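Keep in mind that this is a model prediction, so the values were computed, not measured.
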Amino acid sequence: MPLDPLSERAFGARAAAYERHRTGWPAEAVEQALAGVGAGPEATVVDLAAGTGKLTRELVPRAGRVIAVEPSDDMRRQLAATVPEAEAIAGTAEAMPLADESVDAVLIGEAFHWFCTREAVAEIARVVRPGGGLALLWNVHDFGGDPWVRRMGELLTERRAPGITPNNRKQTGLWKEAFEGSRFGPLERFQTRHEQRTDVDGLVAHIATWSFVGALDDAPRAELQRDLAELLRSEHPTPDDVAIPYRTDVYWTRRL
């Protein structure tokens with residue numbers, strides 16, 4: 001299915017900002033994901049819900065063929081321009097334009113919680129060869145409990161767009177229910193940490209790519225960004241040097 005209008009406004013309409021202000025993936029996370037699914041340098045791998053290609057570009061030098069599947073036209077255009085070595089095609093988790101058992105692995109970065117249904121898992125199992133695998137990656141913010149972080153969180157909670165948070169957010173663990181009765185084996189897990197260096201303006205621009213901010217109408221989003229910048233300039237201890245810390249979670253499973 002195509003992106004719903006709310007998700008299109010939160011992501012597709014902000015493709016350039018997403019590309020500029022979202023973090024990439026640490027090498028050890030990508031390499032562990034590929035090793036976990038058994039995808040070597042000759043493998044055909046799919047980056048599902050590829051966005052602007054943040055994960056795709058890490059797969060290109062590590063796999064034989066990379067297919068990036070993305071429903072948003074704007075995101076896909078950005079991906080094709082940034083990672084021309086990959087094959088960028090339109091498709092969704094429930095309907096990939098790929099033949100049965102035609103790929104060695106499917107990887108999903110920062111997206112599975114948006115479509116974690118048994119239908120999506122069944123479609124992924126359809127295109128993956130027996131013995132191939134599925135890897136899920138998430139960059140989880142790990143800011144800590146400093147006063148400026150609490151104030152930032154309070155402001156975002158007060159002003160977030162309604163109706164944008166899916167029920168199966170990664171943090172709830174509910175997404176794992178989609179694998180019940182599937183053709184995939186048990187999930188295994190790996191963690192690592194990294195950070196993104198920026199300044200207050202960069203942090204505000206990064207936050208504006210979060211779904212519940214990006215989905216706001218132009219005027220309230222701009223007002224929120226102004227208020228965030230004012231708050232952070234006054235309360236962050238080093239506004240010209242801001243670290244955005246992440247814990248990267250990698251889950252993988254093999255098709256039985």
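Atoms CG and CG, on L156 and L228 in that order, are 5.0 Å from each other to the nearest 0.5 Å.
Between R255 and E101 a salt bridge is recorded (basic side-chain N to carboxylate O distance below 4.0 Å). E154 and R151 are joined by a salt bridge, as a carboxylate oxygen and a charged side-chain nitrogen come within less than 4.0 angstrom of each other.
Residues in residues 120-129 take part in these salt bridge (charged side-chain N to carboxylate O under 4.0 Å, His left out) pairs, two or more places apart or across chains: D100-R126, D104-R129, E123-R126. For residues 26-46, the side-chain hydrogen bond (donor to acceptor under 3.5 Å, both in side chains) pairs, not counting sequence neighbours, are E28-T192, E31-R62.
None of L134, L187, L137, I108 except one satisfies the side-chain contact (heavy atoms from CB on, under 4.5 Å) rule with Y251; the exception is L187. Checked options W175, Y246, F190; the residue passing with W138 is W175 (criterion: ring-ring contact (aromatic ring centres under 6.0 Å, His included)).
Between E19 and T52, the side chains place a donor N or O and an acceptor N or O closer than 3.5 Å (distance only, hydrogens not considered). In this model, no donor atom of one side chain and acceptor atom of the other lie less than 3.5 Å apart for N139 and T23. A donor atom on one side chain and an acceptor atom on the other are found under 3.5 Å apart for H194 and T248.
For R20, the CZ atom counts as loosely surrounded, since its 6.0 Å shell holds 12 or fewer non-hydrogen atoms of other residues, nucleotides or ligands. The number of heavy-atom neighbours closer than 6.0 Å to CD of E230, taken from other residues, nucleotides and ligands shown, is 12 or below.
Transitive grouping of hydrophobic side chains (ILVMFWY, heavy atoms separated by less than 4.5 Å) keeps V250 and F184 in distinct clusters. Placement of V149 and L224 within a single hydrophobic cluster is found when ILVMFWY residues are connected by side-chain heavy-atom separations under 4.5 Å, directly or transitively.
The heavy-atom pair separating V37 from A105 by the smallest distance is CG2-CB, 3.6 Å. Of all heavy-atom pairs between A50 and T56, the closest is CB-OG1, 3.7 Å.
Remark: R160 qualifies as a cation-pi partner of F212 under the 6.0 Å distance and 45° angle criteria applied to the six-membered ring.
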Inset, instruction - Could you walk me through whether D74 and R76 pass the salt bridge (Lys or Arg N to Asp or Glu O under 4.0 Å) test, one step at a time? - result: CA-CA 5 Å; D74 289 333; R76 202 168 57 254; over 6 Å; no

Legend entry - Candidate pair H21 and W210, rule ring pair (Phe, Tyr, Trp, His ring centres under 6.0 Å), full reasoning: CA-CA 10 Å; H21 297 294; W210 296 358; over 10 Å; no

Inset, instruction - Give the C-alpha distance, both sets of side-chain angles, the deciding distance and a yes or no for salt bridge (Lys or Arg N to Asp or Glu O under 4.0 Å) between E195 and R197. - result: CA-CA 7 Å; E195 66 179 20; R197 308 297 302 199; 2.7 Å; yes

